[in-house]
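All of these numbers come straight from a predicted model, not from anything done at the bench. Values below: every heavy atom of this structure, side chains too, minus hydrogens, waters and symmetry copies.
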Amino acid sequence: MAYITIDPKKLKKNYDYLDKVFRNKNIQWSVVTKLLCGNETFLKELLQLGISQVCDSRITNLKHIKKLNPDVETVYIRPPSSRFIKSIVEFSDISLNTEIETIKLLSAEAIKQRKVHKIIIMIELGELREGVMGDNLIDFYSKVFNLEGIEVVGIGTNLSCLNGVLPNQDKLIQLSLYKQLIEAKFNKKIPFVSGGSSVTIPLIFHERLPKGINHFRVGETLFLGTDVYNDEVFEFMENAVFTVHSRIIELHKKPTVPIGELGSNVTGSKLNTSEKETKNPFSYRAIIDLGLLDVDEKHINPIDESVKIVGASSDMFVVDLGKNTVNYKVGDLIEFKADYMGILRLMNSKYIKKELQEN
(Lines give C-alpha, C1' and ligand atoms only; values in the text may rest on other atoms or scores of the structure.)
Protein backbone atom coordinates (compact mmCIF):
# COMPACT_ATOMS: atom_id res chain seq x y z
CA MET A 1 0.00 0.00 0.00
CA ALA A 2 1.27 3.48 -0.90
CA TYR A 3 1.70 5.88 1.99
CA ILE A 4 2.40 9.52 2.78
CA THR A 5 4.65 10.76 5.58
CA ILE A 6 5.03 14.04 7.42
CA ASP A 7 8.38 15.15 8.80
CA PRO A 8 7.79 16.65 12.29
CA LYS A 9 11.16 18.44 12.36
CA LYS A 10 10.57 20.19 9.05
CA LEU A 11 7.03 21.07 10.08
CA LYS A 12 8.30 22.61 13.32
CA LYS A 13 10.97 24.58 11.45
CA ASN A 14 8.32 26.10 9.18
CA TYR A 15 5.99 26.83 12.09
CA ASP A 16 8.70 28.51 14.18
CA TYR A 17 9.78 30.64 11.23
CA LEU A 18 6.26 31.86 10.44
CA ASP A 19 5.41 32.40 14.10
CA LYS A 20 8.44 34.68 14.44
CA VAL A 21 7.51 36.63 11.30
CA PHE A 22 3.96 37.24 12.54
CA ARG A 23 4.94 38.03 16.11
CA ASN A 24 7.40 40.66 14.91
CA LYS A 25 4.50 42.39 13.12
CA ASN A 26 1.97 41.92 15.97
CA ILE A 27 -0.18 39.76 13.72
CA GLN A 28 -2.28 36.90 15.06
CA TRP A 29 -2.28 33.90 12.76
CA SER A 30 -4.37 30.80 12.49
CA VAL A 31 -3.32 27.48 10.97
CA VAL A 32 -5.61 26.13 8.24
CA THR A 33 -5.73 22.40 8.94
CA LYS A 34 -7.97 21.18 6.11
CA LEU A 35 -4.93 19.67 4.31
CA LEU A 36 -4.66 17.08 7.09
CA CYS A 37 -8.25 15.86 6.56
CA GLY A 38 -8.73 15.23 10.27
CA ASN A 39 -5.89 12.70 10.54
CA GLU A 40 -5.28 12.26 14.27
CA THR A 41 -1.57 11.40 14.05
CA PHE A 42 -0.73 14.47 11.98
CA LEU A 43 -3.03 16.77 13.96
CA LYS A 44 -1.32 15.78 17.22
CA GLU A 45 2.06 16.75 15.74
CA LEU A 46 0.63 20.08 14.64
CA LEU A 47 -1.19 20.97 17.85
CA GLN A 48 1.82 20.30 20.06
CA LEU A 49 3.68 23.14 18.32
CA GLY A 50 1.75 25.60 20.50
CA ILE A 51 -0.96 26.67 18.08
CA SER A 52 -3.74 28.70 19.69
CA GLN A 53 -6.17 28.93 16.76
CA VAL A 54 -6.98 26.59 13.86
CA CYS A 55 -9.19 26.93 10.79
CA ASP A 56 -10.95 24.20 8.84
CA SER A 57 -13.72 23.92 6.28
CA ARG A 58 -15.08 20.60 7.60
CA ILE A 59 -16.98 20.57 10.87
CA THR A 60 -16.01 16.92 11.49
CA ASN A 61 -12.36 17.99 11.51
CA LEU A 62 -13.05 20.77 14.00
CA LYS A 63 -14.92 18.31 16.20
CA HIS A 64 -11.88 16.05 16.16
CA ILE A 65 -9.55 18.95 16.95
CA LYS A 66 -11.70 19.96 19.94
CA LYS A 67 -11.48 16.39 21.17
CA LEU A 68 -7.68 16.46 20.95
CA ASN A 69 -7.38 19.92 22.51
CA PRO A 70 -10.52 21.61 23.89
CA ASP A 71 -8.58 24.82 24.57
CA VAL A 72 -7.58 25.54 20.98
CA GLU A 73 -9.81 28.14 19.30
CA THR A 74 -11.54 26.77 16.21
CA VAL A 75 -12.63 28.70 13.12
CA TYR A 76 -15.05 27.38 10.50
CA ILE A 77 -13.89 28.93 7.22
CA ARG A 78 -16.62 27.95 4.76
CA PRO A 79 -19.93 29.87 4.68
CA PRO A 80 -22.09 27.74 6.99
CA SER A 81 -24.82 25.48 5.63
CA SER A 82 -28.14 25.65 7.47
CA ARG A 83 -27.98 21.87 7.82
CA PHE A 84 -24.98 22.04 10.14
CA ILE A 85 -25.78 25.10 12.27
CA LYS A 86 -26.02 23.11 15.51
CA SER A 87 -22.61 21.48 15.02
CA ILE A 88 -20.99 24.72 13.89
CA VAL A 89 -22.04 26.51 17.08
CA GLU A 90 -20.99 23.49 19.15
CA PHE A 91 -17.55 22.85 17.65
CA SER A 92 -16.40 26.15 16.11
CA ASP A 93 -15.75 29.18 18.27
CA ILE A 94 -15.75 31.46 15.22
CA SER A 95 -17.25 31.14 11.74
CA LEU A 96 -16.80 33.14 8.53
CA ASN A 97 -20.13 34.44 7.24
CA THR A 98 -21.69 36.18 4.24
CA GLU A 99 -25.46 35.55 4.59
CA ILE A 100 -27.71 37.36 7.06
CA GLU A 101 -30.26 34.53 7.17
CA THR A 102 -27.52 32.08 8.12
CA ILE A 103 -26.28 34.37 10.88
CA LYS A 104 -29.85 34.54 12.23
CA LEU A 105 -29.83 30.74 12.47
CA LEU A 106 -26.47 30.85 14.24
CA SER A 107 -27.91 33.41 16.64
CA ALA A 108 -30.92 31.23 17.49
CA GLU A 109 -28.73 28.16 17.99
CA ALA A 110 -26.19 30.06 20.11
CA ILE A 111 -29.02 31.20 22.41
CA LYS A 112 -30.25 27.63 22.60
CA GLN A 113 -26.75 26.38 23.52
CA ARG A 114 -26.27 29.32 25.91
CA LYS A 115 -23.22 30.51 24.01
CA VAL A 116 -21.98 33.59 22.24
CA HIS A 117 -20.89 32.60 18.74
CA LYS A 118 -18.23 34.80 17.19
CA ILE A 119 -18.26 35.66 13.50
CA ILE A 120 -16.00 37.25 10.92
CA ILE A 121 -17.90 38.83 8.04
CA MET A 122 -16.24 38.26 4.68
CA ILE A 123 -16.10 41.08 2.11
CA GLU A 124 -15.92 40.67 -1.67
CA LEU A 125 -12.77 42.34 -3.04
CA GLY A 126 -12.77 40.97 -6.56
CA GLU A 127 -11.95 37.25 -6.21
CA LEU A 128 -15.64 36.42 -6.74
CA ARG A 129 -15.76 33.61 -4.24
CA GLU A 130 -17.39 34.29 -0.86
CA GLY A 131 -18.05 37.82 0.37
CA VAL A 132 -20.60 40.58 0.92
CA MET A 133 -20.51 43.34 -1.70
CA GLY A 134 -19.17 46.63 -0.36
CA ASP A 135 -22.30 48.55 -1.34
CA ASN A 136 -24.35 46.32 0.96
CA LEU A 137 -21.97 46.40 3.91
CA ILE A 138 -23.62 49.04 6.11
CA ASP A 139 -27.08 47.50 5.80
CA PHE A 140 -25.63 44.03 6.42
CA TYR A 141 -23.85 45.05 9.62
CA SER A 142 -26.86 46.96 10.92
CA LYS A 143 -28.84 43.71 10.90
CA VAL A 144 -26.07 41.60 12.44
CA PHE A 145 -25.39 43.92 15.37
CA ASN A 146 -29.00 43.53 16.51
CA LEU A 147 -28.76 39.74 16.89
CA GLU A 148 -28.39 38.11 20.29
CA GLY A 149 -25.83 35.38 20.83
CA ILE A 150 -23.59 36.78 18.06
CA GLU A 151 -20.37 38.74 18.49
CA VAL A 152 -18.73 40.29 15.42
CA VAL A 153 -14.98 39.88 15.97
CA GLY A 154 -13.66 40.60 12.52
CA ILE A 155 -13.93 41.60 8.92
CA GLY A 156 -12.13 39.52 6.31
CA THR A 157 -11.61 38.66 2.69
CA ASN A 158 -10.44 35.80 0.51
CA LEU A 159 -8.13 36.28 -2.46
CA SER A 160 -6.31 34.02 -4.93
CA CYS A 161 -8.17 30.75 -4.20
CA LEU A 162 -10.64 30.77 -7.12
CA ASN A 163 -9.63 33.19 -9.85
CA GLY A 164 -6.10 33.94 -8.68
CA VAL A 165 -6.71 37.60 -7.82
CA LEU A 166 -3.56 38.64 -5.96
CA PRO A 167 -3.58 40.76 -2.80
CA ASN A 168 -2.07 44.22 -2.99
CA GLN A 169 -1.88 47.37 -0.90
CA ASP A 170 -4.95 48.95 -2.48
CA LYS A 171 -7.24 45.99 -1.82
CA LEU A 172 -6.05 45.49 1.75
CA ILE A 173 -6.22 49.20 2.54
CA GLN A 174 -9.80 49.08 1.25
CA LEU A 175 -10.53 46.23 3.67
CA SER A 176 -9.05 48.21 6.55
CA LEU A 177 -11.11 51.27 5.61
CA TYR A 178 -14.29 49.17 5.62
CA LYS A 179 -13.44 48.18 9.20
CA GLN A 180 -12.94 51.82 10.22
CA LEU A 181 -16.20 52.79 8.53
CA ILE A 182 -18.17 50.12 10.39
CA GLU A 183 -16.61 51.02 13.73
CA ALA A 184 -17.38 54.71 13.25
CA LYS A 185 -20.91 54.13 11.97
CA PHE A 186 -22.02 51.75 14.73
CA ASN A 187 -19.66 52.69 17.55
CA LYS A 188 -18.51 49.06 17.73
CA LYS A 189 -15.00 47.67 18.08
CA ILE A 190 -13.96 45.06 15.50
CA PRO A 191 -10.73 43.40 16.71
CA PHE A 192 -9.57 41.54 13.60
CA VAL A 193 -9.01 42.43 9.99
CA SER A 194 -8.45 38.98 8.52
CA GLY A 195 -6.97 39.89 5.18
CA GLY A 196 -4.01 37.58 5.16
CA SER A 197 -3.40 34.09 3.80
CA SER A 198 -0.38 32.26 2.42
CA VAL A 199 -0.44 34.37 -0.74
CA THR A 200 -0.27 37.59 1.32
CA ILE A 201 2.91 36.73 3.24
CA PRO A 202 5.34 38.26 0.67
CA LEU A 203 3.74 41.67 1.29
CA ILE A 204 5.13 41.50 4.82
CA PHE A 205 8.68 41.00 3.58
CA HIS A 206 8.38 43.85 1.08
CA GLU A 207 6.86 46.22 3.68
CA ARG A 208 3.66 46.47 1.64
CA LEU A 209 1.19 45.07 4.15
CA PRO A 210 -1.13 47.81 5.49
CA LYS A 211 -0.89 48.17 9.29
CA GLY A 212 -4.59 47.48 9.67
CA ILE A 213 -4.25 43.84 8.59
CA ASN A 214 -3.74 41.96 11.86
CA HIS A 215 -4.98 38.42 11.22
CA PHE A 216 -3.74 35.71 8.82
CA ARG A 217 -5.13 32.28 7.91
CA VAL A 218 -2.22 30.13 6.72
CA GLY A 219 -2.08 26.58 5.41
CA GLU A 220 0.00 26.03 2.28
CA THR A 221 3.06 28.06 3.29
CA LEU A 222 3.26 26.27 6.64
CA PHE A 223 3.05 22.79 5.12
CA LEU A 224 4.99 23.39 1.90
CA GLY A 225 7.16 26.45 2.54
CA THR A 226 5.75 28.02 -0.61
CA ASP A 227 5.74 31.64 -1.65
CA VAL A 228 2.31 31.35 -3.26
CA TYR A 229 2.45 34.88 -4.68
CA ASN A 230 5.56 34.12 -6.78
CA ASP A 231 5.08 30.34 -7.15
CA GLU A 232 8.38 29.42 -5.50
CA VAL A 233 9.74 28.23 -2.15
CA PHE A 234 10.79 30.63 0.61
CA GLU A 235 14.54 30.46 1.17
CA PHE A 236 14.38 29.70 4.90
CA MET A 237 11.53 27.19 4.77
CA GLU A 238 11.19 23.47 4.09
CA ASN A 239 9.30 22.31 1.01
CA ALA A 240 9.53 18.55 1.67
CA VAL A 241 7.42 18.31 4.83
CA PHE A 242 5.37 15.60 3.09
CA THR A 243 6.76 12.68 1.09
CA VAL A 244 4.73 10.17 -0.92
CA HIS A 245 5.99 6.57 -1.05
CA SER A 246 4.77 4.04 -3.62
CA ARG A 247 5.97 0.48 -4.16
CA ILE A 248 6.92 -1.14 -7.47
CA ILE A 249 4.58 -4.05 -8.22
CA GLU A 250 5.83 -4.83 -11.75
CA LEU A 251 9.05 -4.03 -13.64
CA HIS A 252 9.88 -5.13 -17.20
CA LYS A 253 11.73 -3.85 -20.24
CA LYS A 254 8.95 -2.85 -22.62
CA PRO A 255 8.35 -0.84 -25.81
CA THR A 256 7.83 2.86 -25.25
CA VAL A 257 5.05 3.07 -27.86
CA PRO A 258 1.85 0.99 -27.66
CA ILE A 259 1.31 -1.63 -30.34
CA GLY A 260 -2.05 -1.59 -32.12
CA GLU A 261 -4.83 0.77 -33.08
CA LEU A 262 -5.28 3.48 -30.45
CA GLY A 263 -8.56 4.62 -28.95
CA SER A 264 -9.40 6.58 -25.80
CA ASN A 265 -8.05 5.45 -22.45
CA VAL A 266 -9.87 5.29 -19.12
CA THR A 267 -9.74 9.08 -18.68
CA GLY A 268 -11.07 9.73 -22.19
CA SER A 269 -7.68 10.84 -23.56
CA LYS A 270 -5.95 9.65 -26.72
CA LEU A 271 -2.20 9.05 -26.76
CA ASN A 272 -0.12 11.22 -29.08
CA THR A 273 3.26 9.54 -29.51
CA SER A 274 6.28 11.79 -29.98
CA GLU A 275 9.37 11.39 -32.13
CA LYS A 276 11.49 11.11 -28.98
CA GLU A 277 9.56 8.04 -27.91
CA THR A 278 9.98 6.34 -31.27
CA LYS A 279 13.76 6.99 -31.19
CA ASN A 280 13.93 5.14 -27.85
CA PRO A 281 11.92 2.02 -28.68
CA PHE A 282 12.52 0.24 -25.35
CA SER A 283 12.90 1.24 -21.69
CA TYR A 284 12.36 -0.20 -18.25
CA ARG A 285 8.82 0.45 -17.11
CA ALA A 286 7.44 -0.05 -13.64
CA ILE A 287 3.91 -0.17 -12.30
CA ILE A 288 3.43 1.30 -8.82
CA ASP A 289 0.59 0.97 -6.30
CA LEU A 290 -0.75 4.50 -6.71
CA GLY A 291 -3.61 5.57 -8.97
CA LEU A 292 -5.93 8.32 -10.07
CA LEU A 293 -8.30 7.30 -7.31
CA ASP A 294 -5.66 8.64 -4.90
CA VAL A 295 -4.10 11.58 -6.75
CA ASP A 296 -3.87 13.25 -10.15
CA GLU A 297 -0.45 12.55 -11.67
CA LYS A 298 -0.13 16.26 -12.54
CA HIS A 299 0.18 17.05 -8.83
CA ILE A 300 3.08 14.74 -7.92
CA ASN A 301 6.68 14.48 -9.13
CA PRO A 302 9.27 11.72 -8.55
CA ILE A 303 12.14 12.85 -6.33
CA ASP A 304 14.50 10.75 -8.48
CA GLU A 305 14.73 12.80 -11.68
CA SER A 306 15.52 9.68 -13.73
CA VAL A 307 11.95 8.47 -13.06
CA LYS A 308 9.14 9.79 -15.27
CA ILE A 309 5.40 9.25 -14.91
CA VAL A 310 4.17 8.15 -18.34
CA GLY A 311 0.61 7.09 -17.63
CA ALA A 312 -2.05 6.54 -15.01
CA SER A 313 -5.22 4.57 -14.49
CA SER A 314 -7.58 4.34 -11.54
CA ASP A 315 -5.35 2.15 -9.36
CA MET A 316 -1.91 2.19 -11.01
CA PHE A 317 0.70 4.62 -12.30
CA VAL A 318 3.22 3.59 -14.96
CA VAL A 319 6.67 5.12 -14.57
CA ASP A 320 9.54 5.06 -17.05
CA LEU A 321 12.89 4.18 -15.46
CA GLY A 322 14.89 4.65 -18.67
CA LYS A 323 17.86 2.30 -18.53
CA ASN A 324 17.20 1.70 -14.80
CA THR A 325 20.70 2.76 -13.81
CA VAL A 326 19.54 2.89 -10.17
CA ASN A 327 18.73 -0.83 -10.43
CA TYR A 328 15.17 -0.60 -9.10
CA LYS A 329 13.54 -3.94 -8.33
CA VAL A 330 10.02 -5.19 -7.69
CA GLY A 331 9.18 -4.31 -4.09
CA ASP A 332 11.32 -1.14 -4.02
CA LEU A 333 9.82 2.19 -3.06
CA ILE A 334 9.74 5.24 -5.31
CA GLU A 335 9.36 8.58 -3.52
CA PHE A 336 7.43 11.60 -4.74
CA LYS A 337 6.90 15.23 -3.82
CA ALA A 338 3.35 16.54 -4.13
CA ASP A 339 1.88 20.02 -4.38
CA TYR A 340 -0.96 21.27 -2.17
CA MET A 341 -3.78 19.75 -4.20
CA GLY A 342 -1.86 16.49 -4.54
CA ILE A 343 -1.36 16.19 -0.78
CA LEU A 344 -5.00 17.10 -0.15
CA ARG A 345 -6.19 14.28 -2.40
CA LEU A 346 -3.75 11.78 -0.89
CA MET A 347 -4.68 12.73 2.66
CA ASN A 348 -8.35 12.29 1.80
CA SER A 349 -7.82 8.84 0.29
CA LYS A 350 -8.67 6.00 2.65
CA TYR A 351 -6.38 3.78 0.59
CA ILE A 352 -3.23 5.76 1.47
CA LYS A 353 -1.54 5.14 4.82
CA LYS A 354 -0.44 8.17 6.84
CA GLU A 355 2.76 7.87 8.88
CA LEU A 356 5.30 10.02 10.69
CA GLN A 357 8.66 10.33 8.96
CA GLU A 358 11.39 8.66 11.02
CA ASN A 359 14.44 10.87 11.55
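- At most 12 heavy atoms of other shown residues, nucleotides or ligands fall within 6.0 angstrom of atom CE in M341.
- No side-chain heavy atom of R285 sits under 4.5 Å from any side-chain heavy atom of L251.
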*asked:* Applying salt bridge (Lys or Arg N to Asp or Glu O under 4.0 Å) to E207 and K25, what does each step give before you reach the verdict?
replied: CA-CA 10 Å; E207 301 294 335; K25 293 293 182 179; 3.4 Å; yes
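- I334 has its side chain out of reach of F317: every pair of non-hydrogen atoms, C-beta onward, lies at least 4.5 Å apart.
- Counting only residues at least two apart or in different chains, salt bridge (Lys or Arg N to Asp or Glu O under 4.0 Å) contacts with residues 55-71 comprise K66-D93.
- Crowding of E183 atom CD: a count of heavy atoms from other residues, nucleotides or ligands under 6.0 Å exceeding 12.
- Side-chain contact check for N61 and K34: no donor-acceptor pair (N or O, by modelled atom type) lies under 3.5 Å.
- Under the 4.5 Å side-chain criterion, counting only non-hydrogen atoms from C-beta, K329 is not in contact with I248.
- Within a 6.0 Å radius of NZ in K253, no more than 12 heavy atoms belonging to other residues, nucleotides or ligands are found.
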*List the steps, then state whether salt bridge (Lys or Arg N to Asp or Glu O under 4.0 Å) holds for E127 with R129.*
CA-CA 6 Å; E127 176 66 4; R129 203 177 76 166; over 6 Å; no
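- Looking only at side-chain heavy atoms (C-beta outward), D304 and E335 stay at 4.5 Å or farther from each other.
- Hydrophobic clustering (side-chain heavy atoms under 4.5 Å, transitive across Ile, Leu, Val, Met, Phe, Trp, Tyr) keeps I119 apart from I111.
- Atom CG of N187 has 12 or fewer heavy atoms from other residues, nucleotides or ligands within 6.0 Å.
- Within a 6.0 Å sphere centred on CZ of F205, other residues, nucleotides and ligands contribute more than 12 heavy atoms.
- Annotation: cation-pi geometry not satisfied between K323 and Y284 (NZ/CZ under 6.0 angstrom from ring centroid, within 45° of ring axis).
- A donor atom on one side chain and an acceptor atom on the other are not found under 3.5 Å apart for E220 and S198.
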_Test side chain to side chain donor-acceptor pair (under 3.5 Å) on D139 and N136; report intermediate values, then the result._
CA-CA 6 Å; D139 181 59; N136 303 326; over 6 Å; no
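- F236 and Y17 have tilted rings, their planes meeting at an angle from 30° to 60° on a 0 to 90° scale.
- Looking only at side-chain heavy atoms (C-beta outward), L346 and F242 stay at 4.5 Å or farther from each other.
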*Checking salt bridge (Lys or Arg N to Asp or Glu O under 4.0 Å) for the pair D16/K20: CA distance, chi angles, key distance, verdict?*
CA-CA 6 Å; D16 289 344; K20 183 178 180 180; over 6 Å; no
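- Of the N and O atoms on the side chains of H215 and S30, not one donor lies less than 3.5 Å from an acceptor on the other residue.
- When the shell of 6.0 Å around CG of D231 is examined, it contains 12 or fewer heavy atoms from other residues, nucleotides or ligands.
- Distance check: F42 CZ to L46 CG gives 11.0 Å after rounding to the nearest 0.5 Å.
- When only modelled atom types and interatomic distance are considered, S95 and H117 share a side-chain donor-acceptor pair under 3.5 Å.
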